Enquirer: 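The structure is given below, and queries will be raised subsequently.
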Amino acid sequence: MLIVVGLQLEIGWLPPLITQSGNPRIQIAAPGYFDASQYAQILEIPTGQVTRAEGDVHPLGNPHYWLDPENGLRIAKAIQNKLSEMRPADVAYFAQRYASFEQRLKEADQKWLAEMKPYAGRKIVTYHRSWPNFAKHFNLDVVGYVEPRPGIPPSPQHTLQLIGQMKREGVKIIAVEPYFDLKTPNAVARETGGLVVVLMPSVGGEKEITDYFKLFDYDIAKLKQAFDATR
Ligand SMILES: [Zn+2]
(Lines give C-alpha, C1' and ligand atoms only; values in the text may rest on other atoms or scores of the structure.)
Protein backbone atom coordinates (compact mmCIF):
# COMPACT_ATOMS: atom_id res chain seq x y z
CA MET A 1 0.00 0.00 0.00
CA LEU A 2 1.20 3.48 -0.88
CA ILE A 3 -0.47 6.52 0.67
CA VAL A 4 -0.09 9.74 -1.30
CA VAL A 5 -1.21 13.30 -0.59
CA GLY A 6 -2.22 13.70 -4.24
CA LEU A 7 -3.42 16.90 -5.97
CA GLN A 8 -0.01 16.88 -7.70
CA LEU A 9 1.91 17.72 -4.51
CA GLU A 10 4.31 14.83 -5.17
CA ILE A 11 4.32 15.20 -8.95
CA GLY A 12 7.97 16.25 -9.14
CA TRP A 13 9.38 13.01 -7.75
CA LEU A 14 6.84 10.30 -7.01
CA PRO A 15 5.69 9.10 -10.47
CA PRO A 16 9.15 7.86 -11.56
CA LEU A 17 9.63 6.25 -8.14
CA ILE A 18 6.37 4.31 -8.51
CA THR A 19 7.30 3.17 -12.01
CA GLN A 20 10.81 2.17 -11.02
CA SER A 21 9.61 0.27 -7.95
CA GLY A 22 8.29 -2.38 -10.32
CA ASN A 23 5.62 -3.13 -7.70
CA PRO A 24 2.31 -3.76 -9.48
CA ARG A 25 0.28 -3.33 -6.28
CA ILE A 26 1.09 0.35 -5.81
CA GLN A 27 0.89 1.60 -9.40
CA ILE A 28 -1.61 4.43 -9.94
CA ALA A 29 -5.15 2.97 -9.98
CA ALA A 30 -3.93 -0.36 -8.50
CA PRO A 31 -5.70 -1.47 -5.29
CA GLY A 32 -2.69 -0.57 -3.11
CA TYR A 33 -2.49 3.02 -4.38
CA PHE A 34 -4.27 5.22 -1.85
CA ASP A 35 -4.84 8.89 -2.69
CA ALA A 36 -5.80 10.57 0.59
CA SER A 37 -7.08 13.71 -1.15
CA GLN A 38 -10.11 11.76 -2.35
CA TYR A 39 -11.40 11.49 1.20
CA ALA A 40 -10.61 14.98 2.50
CA GLN A 41 -12.37 18.30 2.19
CA ILE A 42 -10.41 20.17 -0.49
CA LEU A 43 -10.44 23.98 -0.58
CA GLU A 44 -9.50 26.45 -3.33
CA ILE A 45 -10.42 24.16 -6.22
CA PRO A 46 -9.85 26.34 -9.30
CA THR A 47 -12.90 27.00 -11.41
CA GLY A 48 -11.20 28.19 -14.58
CA GLN A 49 -8.33 26.71 -16.54
CA VAL A 50 -5.16 26.48 -14.44
CA THR A 51 -1.91 24.97 -15.68
CA ARG A 52 1.40 24.53 -13.96
CA ALA A 53 2.90 26.45 -16.88
CA GLU A 54 1.57 29.59 -15.18
CA GLY A 55 3.56 28.58 -12.14
CA ASP A 56 0.60 27.63 -9.98
CA VAL A 57 1.55 24.62 -7.92
CA HIS A 58 -2.03 24.07 -6.69
CA PRO A 59 -3.74 23.25 -9.99
CA LEU A 60 -6.26 20.78 -8.52
CA GLY A 61 -7.11 22.60 -5.29
CA ASN A 62 -5.14 23.13 -2.10
CA PRO A 63 -2.97 20.07 -1.28
CA HIS A 64 -2.20 21.11 2.33
CA TYR A 65 -5.56 19.76 3.49
CA TRP A 66 -4.29 17.65 6.43
CA LEU A 67 -3.86 20.83 8.49
CA ASP A 68 -7.52 20.49 9.51
CA PRO A 69 -7.94 17.74 12.14
CA GLU A 70 -11.35 16.91 10.67
CA ASN A 71 -9.60 15.95 7.45
CA GLY A 72 -7.13 13.89 9.49
CA LEU A 73 -10.06 11.94 10.83
CA ARG A 74 -11.65 11.47 7.40
CA ILE A 75 -8.36 10.18 6.00
CA ALA A 76 -7.82 7.84 8.96
CA LYS A 77 -11.28 6.36 8.42
CA ALA A 78 -10.52 5.78 4.73
CA ILE A 79 -7.17 4.16 5.62
CA GLN A 80 -8.98 1.88 8.07
CA ASN A 81 -11.40 0.82 5.31
CA LYS A 82 -8.61 0.26 2.81
CA LEU A 83 -6.52 -1.81 5.25
CA SER A 84 -9.59 -3.87 6.18
CA GLU A 85 -10.18 -4.56 2.51
CA MET A 86 -6.57 -5.65 2.03
CA ARG A 87 -6.34 -7.77 5.20
CA PRO A 88 -9.87 -8.92 6.06
CA ALA A 89 -8.58 -11.16 8.86
CA ASP A 90 -7.53 -8.03 10.81
CA VAL A 91 -10.74 -6.02 10.43
CA ALA A 92 -11.36 -5.89 14.19
CA TYR A 93 -7.83 -4.70 14.88
CA PHE A 94 -8.05 -1.85 12.33
CA ALA A 95 -11.45 -0.83 13.72
CA GLN A 96 -10.05 -0.71 17.25
CA ARG A 97 -7.03 1.36 16.16
CA TYR A 98 -9.25 3.83 14.30
CA ALA A 99 -11.59 4.15 17.29
CA SER A 100 -8.60 4.92 19.51
CA PHE A 101 -7.27 7.54 17.08
CA GLU A 102 -10.70 9.13 16.73
CA GLN A 103 -11.12 9.44 20.48
CA ARG A 104 -7.66 10.89 21.04
CA LEU A 105 -7.96 13.30 18.13
CA LYS A 106 -11.40 14.59 19.16
CA GLU A 107 -10.15 15.20 22.69
CA ALA A 108 -7.05 17.00 21.43
CA ASP A 109 -9.13 19.07 19.02
CA GLN A 110 -11.38 20.29 21.84
CA LYS A 111 -8.23 21.50 23.63
CA TRP A 112 -6.82 23.14 20.45
CA LEU A 113 -10.11 24.89 19.66
CA ALA A 114 -10.29 26.22 23.21
CA GLU A 115 -6.71 27.51 22.97
CA MET A 116 -7.41 29.28 19.68
CA LYS A 117 -10.79 30.70 20.69
CA PRO A 118 -9.44 34.01 22.06
CA TYR A 119 -7.92 34.73 18.64
CA ALA A 120 -11.02 33.96 16.58
CA GLY A 121 -11.22 36.03 13.42
CA ARG A 122 -7.66 37.38 13.69
CA LYS A 123 -6.13 38.38 10.37
CA ILE A 124 -2.80 36.90 9.35
CA VAL A 125 -0.58 36.81 6.28
CA THR A 126 1.18 33.60 5.21
CA TYR A 127 4.06 33.02 2.85
CA HIS A 128 2.53 30.15 0.86
CA ARG A 129 -1.09 29.05 0.68
CA SER A 130 -0.49 26.19 3.14
CA TRP A 131 -3.09 27.14 5.73
CA PRO A 132 -6.64 27.50 4.33
CA ASN A 133 -7.85 24.28 5.99
CA PHE A 134 -6.10 25.18 9.26
CA ALA A 135 -7.52 28.72 9.15
CA LYS A 136 -11.04 27.48 8.45
CA HIS A 137 -10.99 25.01 11.32
CA PHE A 138 -9.42 27.40 13.83
CA ASN A 139 -11.28 30.48 12.64
CA LEU A 140 -8.40 32.63 11.40
CA ASP A 141 -8.59 35.02 8.47
CA VAL A 142 -5.71 34.70 5.98
CA VAL A 143 -5.84 38.03 4.12
CA GLY A 144 -2.65 37.93 2.04
CA TYR A 145 0.39 35.98 0.92
CA VAL A 146 4.10 36.80 0.59
CA GLU A 147 4.08 34.79 -2.64
CA PRO A 148 2.01 36.50 -5.35
CA ARG A 149 0.78 33.02 -6.41
CA PRO A 150 1.52 29.54 -5.08
CA GLY A 151 5.03 28.66 -6.26
CA ILE A 152 5.87 32.15 -7.55
CA PRO A 153 8.57 33.99 -5.52
CA PRO A 154 7.81 37.41 -4.08
CA SER A 155 8.23 40.43 -6.36
CA PRO A 156 9.03 43.97 -5.13
CA GLN A 157 5.69 45.25 -6.41
CA HIS A 158 3.67 42.52 -4.70
CA THR A 159 5.64 43.01 -1.46
CA LEU A 160 4.83 46.74 -1.45
CA GLN A 161 1.14 46.01 -1.98
CA LEU A 162 1.21 43.48 0.85
CA ILE A 163 2.87 45.97 3.23
CA GLY A 164 0.22 48.55 2.36
CA GLN A 165 -2.58 46.07 2.94
CA MET A 166 -1.16 44.91 6.28
CA LYS A 167 -0.84 48.50 7.48
CA ARG A 168 -4.40 49.36 6.41
CA GLU A 169 -5.89 46.25 8.02
CA GLY A 170 -3.61 46.15 11.09
CA VAL A 171 -2.23 42.71 10.30
CA LYS A 172 0.78 41.81 12.44
CA ILE A 173 1.47 38.10 11.90
CA ILE A 174 3.41 36.70 8.94
CA ALA A 175 3.41 32.90 9.09
CA VAL A 176 6.21 31.28 7.09
CA GLU A 177 6.81 27.63 6.23
CA PRO A 178 10.31 26.43 7.24
CA TYR A 179 11.64 26.01 3.69
CA PHE A 180 11.24 29.62 2.51
CA ASP A 181 13.82 32.39 2.70
CA LEU A 182 13.07 34.79 5.56
CA LYS A 183 14.48 37.88 3.83
CA THR A 184 11.19 39.18 2.39
CA PRO A 185 9.04 38.18 5.39
CA ASN A 186 11.52 39.92 7.72
CA ALA A 187 11.44 43.06 5.56
CA VAL A 188 7.62 43.05 5.61
CA ALA A 189 7.67 42.62 9.40
CA ARG A 190 10.05 45.59 9.79
CA GLU A 191 7.83 47.82 7.62
CA THR A 192 4.59 46.84 9.36
CA GLY A 193 5.74 46.38 12.96
CA GLY A 194 4.75 42.77 12.55
CA LEU A 195 6.21 39.46 13.59
CA VAL A 196 7.44 36.52 11.53
CA VAL A 197 6.44 33.15 12.95
CA VAL A 198 7.73 29.93 11.41
CA LEU A 199 4.97 27.31 11.45
CA MET A 200 5.39 23.67 10.48
CA PRO A 201 3.11 22.24 7.84
CA SER A 202 4.17 18.63 8.40
CA VAL A 203 5.22 16.08 10.98
CA GLY A 204 9.03 15.97 11.17
CA GLY A 205 9.50 19.69 10.51
CA GLU A 206 11.06 19.90 13.98
CA LYS A 207 12.57 17.11 16.07
CA GLU A 208 9.80 17.37 18.67
CA ILE A 209 7.02 17.06 16.05
CA THR A 210 6.92 13.28 15.99
CA ASP A 211 3.24 12.76 15.21
CA TYR A 212 0.03 14.42 13.99
CA PHE A 213 -0.94 15.55 17.49
CA LYS A 214 2.40 17.23 18.18
CA LEU A 215 2.13 19.06 14.84
CA PHE A 216 -0.96 20.97 16.01
CA ASP A 217 0.46 21.35 19.54
CA TYR A 218 3.53 23.03 18.05
CA ASP A 219 1.80 25.33 15.55
CA ILE A 220 -0.89 26.45 17.99
CA ALA A 221 1.68 27.22 20.69
CA LYS A 222 3.72 29.30 18.21
CA LEU A 223 0.66 31.17 16.98
CA LYS A 224 -0.60 31.95 20.48
CA GLN A 225 2.83 33.29 21.40
CA ALA A 226 2.88 35.49 18.28
CA PHE A 227 -0.66 36.82 18.81
CA ASP A 228 0.11 37.63 22.44
CA ALA A 229 3.35 39.40 21.48
CA THR A 230 1.60 41.63 18.89
CA ARG A 231 -1.50 42.52 20.79
ZN1 LIG B 1 1.45 24.34 -1.79
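Here the structure is a predicted model, which is why all the values come from computation and not from measurement. When a ligand or atom number is given, it counts from 1 through the structure's own listing order. As a basis for the values below, the full set of heavy atoms in this structure was taken, side chains included, without hydrogen atoms, waters or symmetry mates. Numbers here are sequence positions counted from 1.
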Enquirer: Between Phe134 and Phe138, what is the ring plane arrangement, given parallel below 30°, perpendicular above 60°, and tilted in between?
Expert: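 Phe134 vs Phe138 ring planes: tilted.
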Enquirer: Under 2.8 Å from the Zn ion (ligand 1), how many protein N/O/S atoms do you get? Just the number, please.
Expert: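 Count of protein N, O, S atoms less than 2.8 Å from the Zn ion (ligand 1): 3.
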Enquirer: Is the shortest side-chain N to carboxylate O distance from Glu85 to Lys82 below 4.0 Å?
Expert: yes
Enquirer: Any idea how Tyr119 and Phe227 line up, ring-wise: parallel (<30°), tilted (30 to 60°), or perpendicular (>60°)?
Expert: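 Ring orientation, 0 to 90° scale: parallel.
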Enquirer: Are the side chain of Tyr127 and the backbone of Val198 linked by a donor-acceptor contact shorter than 3.5 Å?
Expert: no
Enquirer: Give me each pair satisfying salt bridge (Lys or Arg N to Asp or Glu O under 4.0 Å) with a member in residues 203-222, each pair once, sequence neighbours excluded.
Expert: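 Residue pairs passing salt bridge (Lys or Arg N to Asp or Glu O under 4.0 Å), neighbours aside: Lys111-Asp217.
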Enquirer: Side chains of Asn81 and Tyr39: any donor to acceptor distance under 3.5 Å?
Expert: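 Side-chain D/A pair, Tyr39 to Asn81: absent.
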